[in-house]
2 protein chains.
Amino acid sequence: MTSPPAVEQPVHRCGALLEYLARRLRLRSESVLAPLGLRPRHLVALTVLRARGGSTQQALASTLEMDGTNVVGLLNDLEAEKLIERRRSPEDRRRHIVELTEAGVERLASAECALAAVEDEVLGALGHDQRETLYGLLQQVATGGVEAACVEADTGGAGAAACDGVPLC
Amino acid sequence: MTSPPAVEQPVHRCGALLEYLARRLRLRSESVLAPLGLRPRHLVALTVLRARGGSTQQALASTLEMDGTNVVGLLNDLEAEKLIERRRSPEDRRRHIVELTEAGVERLASAECALAAVEDEVLGALGHDQRETLYGLLQQVATGGVEAACVEADTGGAGAAACDGVPLC
DNA sequence: AAGATGATTGGTGCTGAACCAATGATTAGT
DNA sequence: ACTAATCATTGGTTCAGCACCAATCATCTT
């Protein structure tokens, strides 16, 4: 669709590669994250929440592709450490709007700091520019896949919370 | 080291993104792979074996970063379907040299075919060229991390089995 | 008022994966 | 030749993630 010319496209499969690298990253991340009281999946959830600036639990479950009941547990963990807040949606008071707290933003930032060394180790074969390229591509894939959910989600009070990540550290 | 200029480098963290995408890919892959009698992890193992053209079980366990005993089980699965062969190393008869069979190469290829649709769905936001770029980067990260093990491994009978993937389909 | 929906809780079962101990085959050191 | 170390294998234990179900409460929709 996006490429009109009817050329032969020998697109390589990168599923196995992605899985392989994600595993390597995760194995190392777990030990680094443990002292912070977080697990890789918490990081993913926090990252999504930061990127969106708040989300419904359903929308979160949908983009995380997790079962709703398991998302509850995940959020319980995060709320117990006051990294997120659940507010009731003013429009539909059945819904919970999940948002990062200040502490959540900070914790996420320090977790990313702590993970810098891990990424340096795993992505060592890549130069600075290449890493940025990789980040851009991954970001594009990720946001491309959830843009629908994201449009739905920003009807909350946060107003025009755009779908982009704001890296600190 | 690789970047002499002492500029400020606001490298983005892509750990969470990688994990997120790997999960999405894996969830879909599982159902697609099931009819082929494979699981994502089998795919990863087969891919590594194809890239190397044979490997010691130890080397495989090391690059897969899996426990040795679990690799045994993984290989048992694959050998039961005659996708790999274990030969004893002529130099050290304690070692097993693991190699893809013809059937293994074919099965891997058809699995990749079956996964094409899945990747199209998940990586839909990327154009053809971008996907190739992504593939190149991931490949570079992956082979960069295991090049040491790869040099060790090619002392077997396969001769100069270079570390690159050969996509079919 | 009745039914559908969102979140929550508690419970069950499966699977992956790490880990440990023991064994047989083989190699290497003395 | 004897002993110690190494590789692969088997069997068993344990733990965590995750999907799934059922029930409950609050709320929205009709």
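Every chain is numbered from 1, with letters handed out A, B, ... down the list of sequences.
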Checking all strands, does A/Asn70 fall into the base, sugar-phosphate, or nothing category for heavy-atom contacts under 4.0 angstrom?
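Base contact.
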
Both B/Ser89 and B/Met66 contact DNA chain C. Which one's nearest nucleotide lies toward the 5' end?
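The residue closer to the strand's 5' end, by nearest nucleotide, is B/Met66.
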
Residues within residues 30-42 of chain A bordering DNA chain D, heavy-atom distance below 4.0 Å:
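Contacts with DNA chain D under 4.0 Å: A/Arg39, A/Arg41.
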
Send over the distance from [X] [atom1] to [N] [atom2], rounded to a whole Å.
X       : N      : atom1 : atom2 : value
B/Leu27 : C/dT15 : CG    : P     : 16 Å
B/Arg95 : D/dA5  : CZ    : C1'   : 13 Å
A/Arg87 : D/dT27 : CZ    : P     : 16 Å
A/Glu85 : C/dA7  : CD    : C1'   : 17 Å
B/Arg94 : D/dA4  : CZ    : C1'   : 11 Å
B/Glu91 : D/dC7  : CD    : P     : 14 Å
A/Asp67 : C/dG13 : CG    : P     : 17 Å
B/Leu75 : D/dC7  : CG    : P     : 16 Å

Looking at [X] and [Y], does any basic side-chain N land under 4.0 Å from a carboxylate oxygen?
X        : Y       : result
A/Arg107 : A/Glu81 : yes
A/Arg23  : B/Glu65 : no
A/Glu30  : A/Arg26 : yes

Side-chain N or O of [X] closer than 4.0 Å to phosphate OP1/OP2 of [N]:
X       : N     : answer
A/Asn76 : C/dA7 : no
A/Gln58 : C/dT5 : no
A/Arg88 : C/dG6 : no

Going by side-chain contact (heavy atoms from CB on, under 4.5 Å), A/Leu74 matches just one of A/Arg41, A/Gln57, A/Glu79. Which one?
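With A/Leu74 as partner, side-chain contact (heavy atoms from CB on, under 4.5 Å) holds for just one option, A/Arg41.
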
In short, A/Asp77 meets A/His42 closest at the heavy-atom pair OD2-NE2, 3.1 Å

Which heavy atom in A/Ala61 sits nearest to a heavy atom in A/Gly68, and how many Å separate them?
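Here A/Ala61 and A/Gly68 meet closest at CB-CA, 4.4 Å.
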
Distance criterion of 3.5 Å, no angle test: do you see the side chain of B/Arg93 paired donor-to-acceptor with the base of C/dT26?
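Such a pair does not exist between side chain and base.
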
Taking donor-acceptor contacts at under 3.5 Å, does the side chain of A/Thr69 reach the base of D/dC18?
no

Considering only side-chain heavy atoms of [X], which listed nucleotide, [options], is closest?
X       : options               : answer
A/Arg23 : D/dC18, D/dT9, C/dA18 : C/dA18
A/His96 : C/dA7, D/dA8, C/dA18  : C/dA7
B/Val72 : C/dA18, D/dA8, C/dA7  : D/dA8

Hydrophobic clustering (ILVMFWY, side-chain heavy atoms < 4.5 Å, transitive) - are A/Leu49 and A/Val105 grouped together?
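Linked within one cluster.
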
Any heavy-atom pair between the side chains of A/Arg86 and A/Glu99 that's under 4.5 Å?
no

